[in-house]
Amino acid sequence: MTDIEILVIEDEPDLRAGLQHNLELEGYTVKTAADGREGLRKAREGESSLVLLDLMLPEMPGLEVLEHLREAGHETPIIIISAKGQDRDKVQGLELGADDYLTKPFGLSELLARIRAVLRRTKSGAKASARKQASVSGVMKFPGLTVDWRRFTVTRDDTELQLSRYEAEILRMLIEHRGEVVSRQDLLRKVWGYVHLPTTRTVDNHIARLRKKLESDVENPIHVVTVHGLGYRFESELLEDQ
Ligand code: CA
C-alpha cells in the first residue's frame, strides 16, 4: 500500500466503481465524487495526491471545477478523463491548469502510466527547477551533437545549424529533463504558454523540424525519442559541459 490518495470525480457509476477498484488494486487510496460540486468540495480538502476529473458532470462541469481549484491556488495534479475528444476541450482544460488529458475509452495500463508520469513530474518538479539554471547553458556536448546555448545553434557532422526560437525552447526543456519523459502538454504549456492556442500536432511538427537538425537519421532518432502515448525524451548522455 502507498499513501497516495487519488480522487475520482466521475458521474458514471460503472466507470467510477471500476476506476476505484483498479486503482485500489494498484495500492492507491481512492476517494470518489459523483458530481462536480461534491468533487470540488473533496478536492478542496487538499488531501489527494492526484485528481481524475471527468468533464461532463452534473451540478458543475469539470472545467469549472478545475478553474475553481486553480484560481484558489490548489496545485493538486489533475488528469482530465473525458469522452469529449476535441482538441478545443483538451486545450481549454490544459490552459486552465490540468496536467494531462485522457480520452475515453482508455486502457487501464495507459491510465496507470499517465498517473505515474504526472506524479513523478510533479514530485520532481521542484528538484528539476532547481537543477535548471545550472544545467542548461554554455556549450553542451552529446555524442555526435554539440549545442551552443549562447548562439542557439546545434552542430552535427561538422555542420552548424541555427535553431528557431521554438526549437531552442523545446530542446532546452527536453535537455533540462534529459532521461525523463516530457509530455506534449508540458511542452505546450512551457514553450507556447497557450498564447497561440496550438494543438499537440504543433508540438509534433516542431519536434520533426528539430529532429532534422539534430538527427543523422530522422527515422531512427537517437537524441529525441518518442515515448508512445506519453511524449518525448532526450536520451543522449552529456559528455561535456562548458
Ligand atoms: Ca460524465
Side-chain angles (χ1 to χ4, degrees), residues 2 4-122 181 183-189 194 197-203 228-231:
T2 66
I4 298 174
E5 182 186 286
I6 296 179
L7 171 62
V8 177
I9 308 176
E10 168 62 63
D11 60 320
E12 211 238 294
D14 288 345
L15 182 57
R16 190 172 63 243
L19 286 170
Q20 174 164 25
H21 176 71
N22 282 301
L23 291 171
E24 282 176 353
L25 283 180
E26 288 299 311
Y28 296 112
T29 303
V30 180
K31 223 188 249 179
T32 62
D35 66 62
R37 208 168 289 280
E38 185 192 0
L40 178 61
R41 185 175 56 74
K42 288 188 173 170
R44 272 183 176 151
E45 289 168 6
E47 287 161 8
S48 304
S49 303
L50 186 138
V51 177
L52 294 182
L53 177 66
D54 183 24
L55 287 189
M56 297 215 265
L57 290 166
E59 302 294 327
M60 183 186 288
L63 286 178
E64 212 178 307
V65 175
L66 177 62
E67 203 173 4
H68 278 301
L69 286 171
R70 291 301 187 240
E71 272 177 1
H74 284 272
E75 290 184 351
T76 313
I78 294 173
I79 299 178
I80 289 173
I81 47 167
S82 173
K84 295 167 108 187
Q86 290 93 6
D87 279 336
R88 210 167 50 116
D89 294 311
K90 293 189 192 185
V91 172
Q92 209 184 341
L94 296 166
E95 257 196 309
L96 289 172
D99 294 86
D100 206 346
Y101 191 110
L102 262 173
T103 304
K104 294 175 193 170
F106 48 81
L108 179 63
S109 56
E110 190 184 4
L111 172 68
L112 294 173
R114 300 283 189 101
I115 288 174
R116 282 193 293 266
V118 166
L119 287 173
R120 203 165 45 231
R121 216 160 58 214
T122 46
V181 179
S183 72
R184 292 177 175 82
Q185 283 78 10
D186 280 343
L187 287 167
L188 279 175
R189 192 179 321 164
Y194 298 114
L197 295 181
T199 64
T200 51
R201 174 152 297 275
T202 311
V203 177
H228 189 67
L230 291 175

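Values below: every heavy atom of this structure, side chains too, minus hydrogens, waters and symmetry copies. Counting starts at 1 for both ligands and their atoms, following the listed order.
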>> Report whether any nitrogen, oxygen or sulfur of Asp54 sits less than 3.0 Å from the Ca ion (ligand 1) (N, O or S, backbone or side chain).
In response: yes
>> So, 3.0 Å as the limit: is an N/O/S atom of Asp11 located closer than that to the Ca ion (ligand 1)?
In response: yes
> Ion pair present between Glu10 and Lys104, side-chain N to carboxylate O less than 4.0 angstrom?
Replying inline: yes
> Which pair of non-hydrogen atoms, one from Val203 and one from Arg184, has the smallest distance, and what is that distance?
Replying inline: CG2-O, 3.9 Å
> Is there an N/O/S atom in Met56 at a distance below 3.0 Å from the Ca ion (ligand 1)?
Replying inline: yes
> Quick one: do Arg16 and Asp35 make a salt bridge, cutoff under 4.0 Å?
Replying inline: no
> Considering all heavy atoms of both residues, which atom of Ser49 and which atom of Pro77 are nearest to each other, and what is their separation?
Replying inline: O-CD, 3.1 Å
